[in-house]
Structure formats: structure tokens, C-alpha cells
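Computed from a predicted structure; not experimentally measured. Chain identifiers are assigned alphabetically (A, B, ...) following the order of the sequence lines, protein sequences preceding nucleic acid strands; residue numbering begins at 1 within each chain.
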Amino acid sequence: MNLYLASAGANAWSQPFFQHALLAGTFIALAAGLVGYFLVLRAQVFTGDALSHVAFTGAMAALAAGYDLRLGLFTACILVALLLAGIGRRGKADDVVIGSAFAWILGLGSFFLTLYTTSASGMNDGGAGVRVLFGSIFGLDAGQTLVAVLVALGVGVAVMFLGRPLLFATLDESVAAARGVPVKALGLAFLVLVGITAGEATQAVGSLLLLGLLAAPAGAAVRLTDRPFRGLALTAGLAVAEMWAGLAAAAWIPRCPPSFSVMAAASLVYAATYLRRPTTRRSRTVTA
Amino acid sequence: MGSASFSWNLVGDFQQMWSYPFMVNAFRAGATVAVVAAAVGWFVVLRRQTFAAHTLSVVAFPGAALATLAGFALSLGYFGFCVAAALALALLRRGREPGGSGESAAIGIVQAFLLACGYLFMALYKGLLEGPQTLLFGSFLGITTGQVTTLAMAGVAVLGVLAVIGRPLLFASVDPQVAAARGVPVRGLSVAFLVLLGAATAEAAQITGALLVFALMVLPAATAQVLTARPGLSLLLTVVLGFAATWAGLVAAWFWPYPLGFFVTTIAFALFLLAHGARLLSTALANRIASATIPAGAA
């Protein structure tokens, strides 16, 4: 049994589609983890959720109009990120406003989906909606992998560059603003990064599941350490490890979709943090 | 759906639409869902729990997918998953500050994991060709009279519980500290409300689809709470707005070949934008009147 599994695994490892998935997945997980850490610290996970649904609508709109799917993904995510940052005070929008806007954007997504699946080019492509919603990391070709790696690297460098002031603005907004940190501009830049990451990660795990990639490693890291930079490094490490574990599981277990195994690994790690006694949390719960 | 063309003879159009039993059922089911979702959604918006509401609404999808895979009743899948997820959220938010970073991460992870489970169930069940999109975006075709009865009974149950816990819940939502000091069981109410929310989303998801229940919950309530601050009036307005958007959406989806969810969300979002516009206009007017009566130096 073990021998059989090992040989099946070895077969998958040598396939180009698996190598592309591994390469792209690693970098996507890295970018999503770094951005997700700040998303969790800033309590903006709901914004990430909204942007992930925007990714679906954008992709469907691009397909319906006959463009490359990724063009729609990135355009829609960045535009809505700018909008959400713009309407909110200090670059953060109210949850109810976000919810209202993205409820409509979802409706729009279902409209574009119908438009595409009833058009001449989309008639034979009924799975397009499912592919965008749930991702198809094993379907990336060499060119798409290269773009994914470059975009993820760009996001990672930008997070490193913004890291210190963003952390300051996140942990104590008023003091940061008083010290001359451009809080609003940082919030805007950060949401644009989230938008780019959402567009990027949609290709790997799909627009519905990318929330897990953003929130789960960061949620676990926040529970494990209170030190910001250690937390950031831990998030990145966890995200990549979870992506690898998920891809390996998908290669070994037949009929297991990679999006599911990646999410399962991420959720397991998060659940495991509950086994640890939360010693560092005590001070906060007393004041709350 | 697209089988008839729209003419300006409104009475004739309506009679033609009403002559199909499935359309009558769609209107009945739509009305039930709209009223229940609006009433529960009003508290969601008041309590700023939109993220939890969205999570519970998408959880209906894995529930339905598992029911299809394992071959038990769809309603059971919807209700089971939504209520279980509501309990999980209640458990995870224990001892956290509401709206804090830990809570929003936990909600996000629950949502992503359950959706991934839904995808797995769907992948395991090979026969589901058109399924996922119907489960996610809903369909108002082929609602049977039996389903309408089930929906109505579930709706009455949810509204009944809401009527019982409504007053203390309002108190606990508006000012949790004072409510707790006055002996209102704030934590128990918060769990009860999440479970109620789960039941309501499970009910609504069966007709509008998992992704768009959320629209029916949030948009009418957000619109009404922009227009008026009085609880009773805005609750009433929420129900009326939700009902109007759903029925108008059904009429539109009958005449044009696009999804119901698109029409309902577009109408509801247009009302939301109009309400915001109206409020901006009225505050601008009030400011002008105020600055006209108060001397410039004092302002």
C-alpha cells in the first residue's frame, strides 16, 4: 500500500503541471500570508472576503466580454479596493457598507456568468464559473506560472517595504497619525495590495476559498505569538507549508481537489492552535 | 423566464404571469423569504454582524452539496449545516472582543473551510453538472407547494422566536454593558441570535441560493437604518423594502432571461444608494439652514 502510494506520488511530482502548481502555489501562499497577517491585525478580514467575491465578478465580466480572465480579476479587485478605501474613514470602510456593496457585486457576478454561459464562446465552457469560484491550480501553464510568481514577488516586496509604517498605523492609528505617518494613504496602498493578492490567489484556490489562504495562517500566527515581526515570519512559513501539504495530499489522494486539501491543512493548523494554552492573551481579556 | 415578452399592458402581463402555478409559488416563497430575511437582517445590521451573516449564508452551499451526495433531504442539509456553523461561530467568539481581529479571522477560516468541504462534496458527486451554480445562485423555477408550506412554517418559527427575544435583543445590541448590568443575558442572547440567523439563512438559501441570501439580509436593513433611527419604523421599512425588491426581482426575472439574484440585488442596491443620496442631501440642506441662522463666527 505504501509503495503504491509512493509511486503514485512520485509520478505526480515529475509531471510539469504539478511542478507549475508547486512553484506558483508557493509564491501565492507567501504573498497571501504576508498580506493576510496585516489583514487580520487590522480586523479587515471582511474586506478580504468582499474582494474575493469581486474577483469572481471581475473574472466573469472579462470572460463575457471576451478578454483574458486575469485582466478582469486584477482590474476589478484593484478598483474595488480603491473604492472601499476611499469611502471609509482613514482607509477603512464600515462592515455594513462593504456588505451592501458586495451583495450587489455578487448579483452582478451571477449576471455575467449567465451572459457568458449563454454566449457563443462560453456555451461549451459551463465549468468556467466553478473554476473561478474554486480554483484550478493544477491547470496553470508555464506562462501563467511565471506571471503568478512575478506578481506574488511584487506583492511580497511591497509588504516588506510598507511593513514598519503599516504596522505602526495598524497598532496605534492615532499616535501614528500624530507622528506624521500617512495613515490614510497606507490604508489605501494596503487595500490595493489585498486586491492584487485576491486576483492572484483566485487562480490557485478560487475566489471562494482564497479567504482561507488570507486568514488561516495569519489567524494561527496571531494566536501563537504577540511579536509582530515574528508573527509575520511565522505566517509566511505556515502559509507555504500548508500549501505544500495540501498539494502533496492532492497528488496522493485520488479525487481530492487541491483547493480542498490546502484549505483543510490551513484549517487544521488553525484548529491546532486552540490546543495551546493562550498565556499571552490574558491581559487583553481582563480589560475587555 | 424569457418565455414571455414585456408589454406596457401591466394587467395583462400580470395575469399571464399569474396563470402559471410555479410563478405563484415563486411569489409566495419569495414573500416568505424576504420578510424573514429582512426581520433577521435588521438585527444583523444593528449588531454589525454582516461578516457572520455572510459566512452563515454561504455555509448553506456545503450543506446542500452534502445532502445531494449522501442522498438525504436538501432542507435537512441546509438547516443542519447553517445551525452547526452558527454554534461554531458562537463558540469561537467566546472570550473575544466583538469585532476584534481574532474574531474576524476565526469567522473567515470557518467560512473558507466549509466552502472547501462543499467543493469536495461536489467533486465527489459526479452527477452534479448544473448543480453548483443553482446551489450558489438559486433558482425560483420548480418550487412546489409543499416547499412553500415548509418555508412558511420555518419562517413563522423564526419570526416567533424573534418576537420573543426581540426586545431584550434590541437592548443588548444597542448597549451591551447597560443591558448586562440590568440583568439581560447578553451572551445567551448573542448565541440564540446566531442560531436564529443560521435557521433564517438556511430557509432563505433554498430559494435565493447561498450567495444571495446575504443581499436580502443586509441591503433592505442597511437602507432602512439610513432613512430612520426609530427602531419600530425602520424594522417595518426593512420588511417592506425586502418584500418589494424580491417581488420586483421576480417580475423582472420572468420577462428577461437573467438570474433572479441579479435583479433582486440590483433593485435593493439602487434603493440603498438612493437612501444614502437622500440623507446626504438632507444633511447638506440642514447645514445650510443652520449656517444661515447661526452667525458665521460661532460656526
Side-chain angles (χ1 to χ4, degrees), chain A residues 39-46 48-49 53 94-111 113-115 117-118 126 129-130 133-134 205-206 208-216 218-219 222-223 255-257 259-264 266-267 270 281 284-285 288, chain B residues 45 48-51 53-55 58 61 95-97 99-113 115-120 122-124 129-130 132-133 136-138 209 211-212 214-219 221-223 225 257-266 268-269 272:
Chain A
L39 207 60
V40 168
L41 275 191
R42 294 167 70 85
Q44 280 188 314
V45 181
F46 190 48
D49 188 21
H53 289 83
D94 182 26
D95 268 10
V96 172
V97 175
I98 298 174
S100 306
F102 100 77
W104 177 62
I105 286 169
L106 266 180
L108 213 57
S110 74
F111 169 73
L113 178 67
T114 310
L115 210 60
T117 49
T118 52
V130 177
L133 284 170
F134 295 105
V205 291
L208 284 184
L209 306 183
L210 81 88
L211 186 62
L213 216 52
L214 287 172
V222 165
R223 287 187 61 82
R255 292 178 72 187
C256 173
S259 305
F260 170 76
S261 53
V262 172
M263 281 307 114
S267 310
Y270 179 73
R281 293 249 138 201
R284 186 176 290 179
T285 40
Chain B
V45 170
R48 292 287 184 268
Q49 283 189 321
T50 38
F51 194 17
H54 180 242
T55 298
V58 296
F61 162 68
R96 301 272 181 77
E97 47 190 325
S101 60
E103 190 195 357
S104 73
I107 298 177
I109 293 159
V110 169
Q111 178 186 338
F113 178 66
L115 276 173
C117 287
Y119 181 47
L120 177 71
M122 212 174 75
L124 293 178
L129 266 181
E130 276 244 71
Q133 264 129 48
L136 287 169
F137 294 113
L211 288 175
L212 297 165
F214 179 62
L216 275 181
M217 291 216 161
V218 171
L219 282 169
T223 310
Q225 290 186 14
Y258 297 110
L260 171 67
F262 167 65
F263 290 115
V264 173
T265 49
T266 302
F269 190 64
F272 176 74

Checklist entry - Just one of B/T265, B/T223, B/L219 clears the side-chain contact (heavy atoms from CB on, under 4.5 Å) bar with A/S100, so which one? => result B/L219
Checklist entry - Pick from A/D95, A/I98, A/V97: which one makes a side-chain contact (heavy atoms from CB on, under 4.5 Å) with B/T50? => result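 So the option named by the test is A/D95.
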Next on the checklist: Tell me every residue that passes ring pair (Phe, Tyr, Trp, His ring centres under 6.0 Å) with B/F113, counting only those two or more places apart in sequence or in another chain.
Outcome noted: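 Once residues adjacent in sequence are excluded, B/F113 has no partner under the ring pair (Phe, Tyr, Trp, His ring centres under 6.0 Å) criterion.
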Checklist entry - Can you list the residues that meet the ring pair (Phe, Tyr, Trp, His ring centres under 6.0 Å) rule with B/F51, with sequence neighbours excluded? => result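 Testing B/F51 for ring pair (Phe, Tyr, Trp, His ring centres under 6.0 Å), a comparison that skips the adjacent residues, returns A/F46.
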What's the shortest heavy-atom distance between [X] and [Y], and which atoms?
X	Y	result
B/P259	A/S110	CG-O, 3.3 Å
B/I109	A/A215	CD1-O, 3.7 Å
B/F214	A/G99	CE2-O, 3.5 Å
A/Y270	B/A106	OH-CB, 3.4 Å
A/P257	B/L120	CD-CD1, 3.4 Å

Checklist entry - How long is the span from the CG atom in A/L211 to the NE2 atom in B/H54, to the nearest 0.5 Å? => result 9.0 Å
Checklist entry - Rounded to the nearest 0.5 Å, how far does CZ of A/F111 lie from CZ of B/F262? => result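 These two atoms lie 4.5 Å from each other.
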Checklist entry - Would you say the ring centroid of A/F260 lies under 6.0 angstrom from that of B/Y119? => result no
Item to check | Residue, of B/T266, B/V264, B/I107, B/V45, that accumulates the most heavy atom pairs under 4.5 Å with chain A | outcome: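 Of B/T266, B/V264, B/I107, B/V45, B/T266 has the most heavy-atom pairs under 4.5 Å with chain A.
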Checklist entry - Among B/A268, B/A53, B/G118, B/A112, which has the most heavy-atom pairs under 4.5 Å with chain A? => result B/A112
Checklist entry - Under a 4.5 Å cut-off applied to non-hydrogen side-chain atoms, are A/I105 and B/F269 in contact? => result no
Next on the checklist: With heavy-atom distances below 4.5 Å as the criterion, would you say the side chains of B/S104 and A/V40 are in contact?
Outcome noted: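 Contact flag for B/S104/A/V40 side chains = no.
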Next on the checklist: For the interface with chain B, which of A/L213, A/L108, A/V262 has the highest count of heavy-atom pairs at distances below 4.5 Å?
Outcome noted: A/L108
